[in-house]
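The structure appears below as C-alpha cells.
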Amino acid sequence: MSEVLLVYASMSGNTEAIADLIEEGLQEESMNVTKLEVMDCDAEQLNAFDAIILGAYTWGDGELPDEFLDLYDEMAGLDLTNKQFAVFGSGDTAYEIFCGAVDLLEAMIEERNGQIVQPGLKIELGPDGEEETCKGFGREFAKKVKLETSV
C-alpha cells in the first residue's frame with residue numbers, strides 16, 4: 001500500500017472538508033493516508049513521504065494563511081527532488097486573486113524541484129456540490145503516483 005501525506009490549513013472548515021473528500025478518494029485507490037493539520041506538521045515530515053498533497057485556503061489578497069507560513073518558509077530549505085505533489089485549496093471569487101494559496105504552494109514546490117503530478121484543485125468556498133470532484137482529485141493523484149512508482 002502506498003503512503004500519502006495530506007497536509008491542510010482550514011479556518012472555516014471548508015478546506016478540511018475538501019481534505020476529507022480527497023482522503024476518501026485516495027483510500028478508494030488503496031492509498032494509506034497520513035492527514036495532518038499544518039500546525040501539526042514541520043518540513044522534516046515532508047522528507048518521510050514521496051507523495052504529498054498540500055491544501056490551504058486563500059487569505060486576503062491571494063495570500064497563504066498565517067498558519068501555513070512556517071511550513072512554507074521551512075520548505076524553502078528542502079530539496080524536494082523525487083517527491084510527487086498535488087495542491088488544493090478553497091477561495092472566494094469575490095476577491096481579485098482566486099485561490100492564490102494554491103499558486104504560491106505550487107511555485108514553491110517547483111522551485112525546490114518537486115514534481116507537481118496534476119493541476120491544482122481550486123474550490124469556491126466549500127465542497128458542497130463538488131464532492132465528486134474532490135474525491136476524483138484524490139483518486140487521480142493516487143493513480144498517477146502508482147504509475148510513477150511502478151515505472
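Nothing here was measured: the structure is a model prediction, and the numbers come from that model. The first residue of the sequence shown is numbered 1, and numbering continues consecutively from there.
- Ser90 has its side chain within reach of Ile18: a pair of non-hydrogen atoms, C-beta onward, lies under 4.5 Å apart.
- Clustering ILVMFWY residues whenever any of their side-chain heavy atoms sit less than 4.5 angstrom apart, transitively, puts Leu6 in a cluster other than the one holding Val38.
- Using a 4.5 Å cut-off on side-chain heavy atoms (C-beta onward), Val117 and Phe141 make contact.
- With a 4.5 Å cut-off on side-chain heavy atoms, Asp61 and Glu96 do not count as touching.
- Taking every heavy atom of both residues into account, Glu106 and Pro119 meet most closely at OE2-C, 4.1 Å.
- Atom CD of Gln84 and atom CD of Gln118 lie 10.5 Å apart (nearest 0.5 Å).
- Follow the hydrophobic side-chain contacts under 4.5 Å out from Val145 and you never reach Phe49; the two are in separate clusters.
- Nearest heavy-atom pair across Gly89 and Cys99 is O-SG, 3.8 Å.
- Note: the hydrophobic cluster containing Leu21 does not contain Phe137 (ILVMFWY, side chain heavy atoms under 4.5 Å, direct or indirect links).
- Inter-residue side-chain proximity for Leu26 and Arg139 is flagged as unmet; no heavy-atom pair is nearer than 4.5 Å.
- No path of Ile, Leu, Val, Met, Phe, Trp and Tyr side chains, each step under 4.5 Å between heavy atoms, connects Leu46 with Val4, placing them in separate hydrophobic clusters.
- Taking the side chain to side chain contact (heavy atoms under 4.5 Å, CB included) definition, one finds that Thr133 meets it with Leu121, Glu130, sequence neighbours left out.
- Once rounded to the nearest 0.5 Å, the distance linking CZ of Phe85 with CD of Gln115 reads 10.5 Å.
- Between Leu104 and Met108, every side-chain heavy-atom pair lies at or beyond the 4.5 Å cut-off.
- Closest of all the heavy-atom pairs between Met75 and Leu54 is CE-CD1, 4.0 Å.
- Note that OG1 of Thr34 is 5.5 Å distant from CD of Glu3, once rounded to the nearest 0.5 Å.
- For residues 68-78, no pair satisfies side-chain hydrogen bond (donor to acceptor under 3.5 Å, both in side chains), with sequence neighbours left out.
- From Ile53, atom CD1 reaches atom CG of Leu105 across 13.0 Å, with rounding to the nearest 0.5 Å.
- Phe68 approaches Gly55 most closely through the heavy-atom pair CE1-O, 3.3 Å.
- Distance CG/Asn47 to CG/Asp79: 9.0 Å, rounded to 0.5 Å.
- Taking OH from Tyr95 and CD from Glu63, the interatomic distance works out to 11.0 Å, rounded to the nearest 0.5 Å.
- A donor-acceptor pair is defined here as one N or O able to donate and one able to accept, closer than 3.5 Å; no such pair exists between the side chain of Gln45 and the backbone of Ala43.
- For Cys134 against Ile123, the heavy-atom pair with the smallest separation is SG-CD1, 4.0 Å.
- Using a distance-only test at 3.5 Å, with no hydrogens or angles considered, a donor-acceptor pair links the side chain of Glu124 to the main chain of Thr93.
- Residues Val87 and Ile97 do not share a hydrophobic cluster, clusters being chains of Ile/Leu/Val/Met/Phe/Trp/Tyr side chains in contact below 4.5 Å.
- Judged by distance alone, the side chains of Tyr57 and Glu67 do bring a donor and an acceptor atom under 3.5 Å apart.
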Check against side-chain contact (heavy atoms from CB on, under 4.5 Å), Thr58 and Lys122
CA-CA 10 Å; Thr58 297; Lys122 297 179 177 184; over 6 Å; no
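- When atom types are taken as modelled, the side chain of Ser10 and the backbone of Glu16 share a donor-acceptor pair closer than 3.5 angstrom.
- At least one side-chain heavy atom of Leu69 sits under 4.5 Å from a side-chain heavy atom of Leu64.
- Around the CG atom of Asp40, the shell of radius 6.0 Å holds more than 12 heavy atoms that belong to other residues, nucleotides or ligands.
- Looking at heavy atoms from C-beta onward, Lys135 lies out of side-chain contact with Ile22 at the 4.5 angstrom threshold.
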Residues Asn82, Asp50; criterion side-chain contact (heavy atoms from CB on, under 4.5 Å); working and verdict
CA-CA 7 Å; Asn82 298 323; Asp50 292 326; 5.7 Å; no
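- Side-chain contact between Val102 and Phe88 is absent, with no heavy-atom pair separated by less than 4.5 Å.
- The existence of a salt bridge linking Glu23 and Lys35 is confirmed by a sub-4.0 Å separation between a basic side-chain nitrogen and an acidic carboxylate oxygen.
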